K.L.:
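Mind looking over this structure? Questions follow.
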2 protein chains.
Amino acid sequence: MLKYALLGFLNYGDMTGYELKQIMDTSTQNFWHAKQSQIYMTLKKLEEKGLVISEIEPQEGRPDRRVYALTDGGREDLHEWVIAPITDLDSRKERLLLKLFFSASSGKETLLMQLRLQRELHQQQLAHYQTATKAVVQGFASIQPGLEEDVVLWEATRRFGEMFEEMYVRWLDETIARLDV
Amino acid sequence: MLKYALLGFLNYGDMTGYELKQIMDTSTQNFWHAKQSQIYMTLKKLEEKGLVISEIEPQEGRPDRRVYALTDGGREDLHEWVIAPITDLDSRKERLLLKLFFSASSGKETLLMQLRLQRELHQQQLAHYQTATKAVVQGFASIQPGLEEDVVLWEATRRFGEMFEEMYVRWLDETIARLDV
DNA sequence: TATAACATGTAACTAGTTACATGATTGG
DNA sequence: CCAATCATGTAACTAGTTACATGTTATA
């Protein structure tokens, strides 16, 4: 699936693996992320399949850049994926819930400490979506004419992050209250 | 991490790989899951490390069962993991959000169909947590004396699933309303 | 003077999925 | 009679992480 994230971004313009990593870190991080090394490997495979092509752009003083561009095949593949319906649910993995499930013997104080720390982390993440991420979305919106349609959708994904973290904090408060008698 | 799910369940009693799969499917599915083959492989590795031991229980008419039990080392490893604080956040992957992010060109009707289908799926999942999962938790609670502490925590993980799906449906409604003008 | 940013990549490894292989019993 | 349940495992593969390797330039 990283494949489609890369094709999707390259559809906005040619980019290097390094730039793709940066843009993912500031936009899709919330629901899709990848390590730099995985991005380079995936781009290589996409080029072998003919979905992207790369050109080396020589630079002085710093390493040469390998700039990737979508091919027609890549654009088509992307479009097919975009319109294909998703008919099942993603399964999640939550370390905290797994740990909580088996925590009966761990002592109330340890457990409450764990939950309070999580509350802090999720509260921070919530604030991040409300300020930093919001600014990124609005930044894109203001400088890019003709991307109004896109911005509505980007804002929807940001909003998901915000609502998720709000829910998480509410659940933690509820759970802490139930344990802290 | 599947490691700790398996150790955690074996802490309640000896079990086969097949039974571990079944119990995971009805209890931790919401936040941790695994395929049968992965469970068998992981149990094998855990036995090599001395965290569990297995014994073959011959059966007639059906395949022999390999019953796993926690060792002292396994119990200790589990306990250390349970009390260790989680200091960072899990990252999620949501196919729907990734697709939505790149869907500006896909046409409003395709997009709305996608979102309405998702709404149906998440509504179903919500109902599942409210009825089937609720019944499982209450079932464990009623037959098992001495597991009151555990049941409170299991209910908390069920409640997370419920709140997550409620949030998801709310977000879908909000997003659909914003697009369907 | 150190470290962050720029820039690319490979190798080894861990985790997880899909497909294959086998075969009896029970319930509808 | 067909599907589900019981029951275990291997092999091949895909996805993702961690560690290694290199080297300049701008900035604090």
Side-chain angles (χ1 to χ4, degrees), chain A residues 1-7 10 14-26 28-29 31-49 51-68 81 88-95 98, chain B residues 1-7 10 14-26 28-29 31-49 51-68 81 88-95 98:
Chain A
M1 299 289 296
L2 173 58
K3 169 184 170 180
Y4 294 109
L6 301 177
L7 295 179
L10 289 175
D14 301 352
M15 257 178 275
T16 67
Y18 189 83
E19 287 167 331
L20 282 162
K21 167 67 174 159
Q22 286 179 305
I23 203 164
M24 283 186 74
D25 283 352
T26 46
T28 63
Q29 190 59 224
F31 49 90
W32 214 271
H33 59 91
K35 303 276 172 184
Q36 189 70 69
S37 65
Q38 198 197 167
I39 291 174
Y40 285 130
M41 282 193 302
T42 307
L43 284 169
K44 207 180 179 181
K45 279 182 213 156
L46 290 176
E47 186 156 31
E48 280 165 25
K49 286 183 202 153
L51 302 176
V52 300
I53 29 158
S54 70
E55 244 179 73
I56 288 175
E57 198 178 275
Q59 290 196 129
E60 293 162 33
R62 48 189 63 220
D64 294 350
R65 290 150 47 89
R66 182 179 288 272
V67 182
Y68 285 89
W81 172 76
D88 55 0
L89 299 173
D90 281 324
S91 42
R92 277 156 296 121
K93 298 209 170 173
E94 279 284 336
R95 264 137 74 233
L98 185 65
Chain B
M1 298 286 297
L2 173 58
K3 169 184 169 179
Y4 294 109
L6 300 177
L7 296 178
L10 289 175
D14 302 352
M15 256 178 275
T16 67
Y18 189 83
E19 287 168 330
L20 282 162
K21 168 66 174 158
Q22 286 179 307
I23 203 163
M24 282 186 74
D25 283 352
T26 46
T28 63
Q29 189 60 222
F31 50 90
W32 215 271
H33 60 92
K35 303 275 171 184
Q36 189 70 69
S37 66
Q38 198 196 168
I39 291 174
Y40 286 130
M41 281 193 304
T42 307
L43 285 169
K44 207 180 179 182
K45 280 182 211 154
L46 289 176
E47 186 157 31
E48 280 165 25
K49 286 184 202 151
L51 302 176
V52 299
I53 29 159
S54 70
E55 244 178 74
I56 288 175
E57 200 177 273
Q59 290 196 128
E60 293 162 33
R62 46 188 64 221
D64 295 349
R65 291 151 45 89
R66 182 179 288 273
V67 182
Y68 284 90
W81 171 75
D88 55 1
L89 299 175
D90 281 324
S91 41
R92 277 155 298 121
K93 298 209 169 172
E94 279 284 335
R95 265 138 71 233
L98 185 64

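The sequence lines fix the lettering, A, B, ..., with proteins before strands; numbering per chain opens at 1. What you see is a predicted model, and the numbers here were worked out from it, not measured in a lab.
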K.L.:
Rounded to the nearest Å, what distance is computed from the CG atom of residue B/Leu2 to the P atom of nucleotide C/dG16?
P.N.:
7 Å
K.L.:
Once you round it to whole Å, what is the distance between P of D/dT17 and CG of B/Asp90?
P.N.:
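After rounding, the reported distance stands at 12 Å.
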K.L.:
Looking only at side-chain N and O atoms, does B/Lys44 come under 4.0 Å of OP1 or OP2 in D/dT10?
P.N.:
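Yes, B/Lys44 has a side-chain N/O under 4.0 Å of OP1/OP2 on D/dT10.
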K.L.:
Counting distance alone, no hydrogens or angles: does the base of C/dT18 have a donor or acceptor under 3.5 Å from a partner atom on the side chain of B/Ser37?
P.N.:
yes
K.L.:
From C-beta outward on B/Tyr40, which listed nucleotide comes closest to its side chain: D/dA7, D/dG16, C/dG9?
P.N.:
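Among D/dA7, D/dG16, C/dG9, the one nearest the side chain of B/Tyr40 is D/dA7.
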K.L.:
Between A/Gln38 and A/Pro63, who's closer to the 5' end of DNA chain D by nearest nucleotide?
P.N.:
A/Gln38
K.L.:
For the pair made of OH in B/Tyr68 and C1' in D/dT8, what is the distance, rounded to whole Å?
P.N.:
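Checked: the OH to C1' distance equals 9 Å.
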K.L.:
Using modelled atom types and a 3.5 Å cut-off, is there a donor and acceptor pairing between side-chain atoms of B/Glu47 and backbone atoms of B/Ser54?
P.N.:
yes
K.L.:
Would you say B/Gln59 reaches C/dT25's phosphate, i.e. side-chain N/O to OP1/OP2 under 4.0 Å?
P.N.:
no
K.L.:
When rounded to the nearest 0.5 angstrom, what is the spacing between CG in B/Leu51 and OG1 in B/Thr42?
P.N.:
12.0 Å
K.L.:
Find the distance between NZ (A/Lys35) and CE (A/Met24) and round it off to the nearest 0.5 Å.
P.N.:
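One finds 12.0 Å between NZ of A/Lys35 and CE of A/Met24.
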K.L.:
Taking atom P of D/dG16 as reference, at what distance in whole Å does atom CG of A/Leu43 sit?
P.N.:
14 Å
K.L.:
Of the nucleotides D/dT8, C/dC6, C/dG16, which has the atom closest to the B/Arg66 side chain?
P.N.:
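Looking only at side-chain atoms, B/Arg66 lies closest to D/dT8.
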K.L.:
Whole angstroms only, please: what is the CD-P distance between B/Gln36 and D/dC6?
P.N.:
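Those two atoms, CD and P, are 11 Å apart.
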K.L.:
How many whole angstroms separate atom CE of A/Met41 from atom P of D/dT14?
P.N.:
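So the two atoms are 13 Å apart, to the nearest Å.
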K.L.:
If you look at every strand shown and take non-hydrogen atoms under 4.0 Å, does A/Lys45 touch a base, only sugar-phosphate, or nothing?
P.N.:
nothing
K.L.:
Taking only the side-chain nitrogens and oxygens of A/Lys93, find out if one of them lies under 4.0 Å from OP1 or OP2 of C/dG16.
P.N.:
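So the side-chain polar atoms of A/Lys93 do come within 4.0 Å of the phosphate oxygens OP1 or OP2 of C/dG16, strictly under.
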K.L.:
Does D/dC6 have its OP1 or OP2 closer than 4.0 Å to a side-chain nitrogen or oxygen of B/Tyr18?
P.N.:
yes
K.L.:
Look at all strands and tell whether A/Glu57 reaches a base, only sugar-phosphate, or nothing, counting heavy atoms closer than 4.0 Å.
P.N.:
nothing
K.L.:
Please report the distance, rounded to the nearest Å, between CE in B/Met15 and C1' in D/dT8.
P.N.:
17 Å
K.L.:
What does A/Glu19 touch in the nucleic acid at a heavy-atom separation under 4.0 angstrom: a base, only the sugar-phosphate, or nothing?
P.N.:
nothing
K.L.:
Between B/Asp88 and A/Arg95, is there a salt bridge with N-O shorter than 4.0 Å?
P.N.:
yes
K.L.:
To the nearest Å, how far apart are A/His33 NE2 and D/dG16 P?
P.N.:
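Result: 8 Å.
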K.L.:
Need to verify one output field. Residue with the more 5' nearest nucleotide on DNA chain D, B/Ser91 or B/Gln22?
P.N.:
B/Gln22
K.L.:
Please round to the nearest 0.5 Å and tell me the distance separating atom NZ of A/Lys21 and atom NE2 of A/His33.
P.N.:
9.0 Å
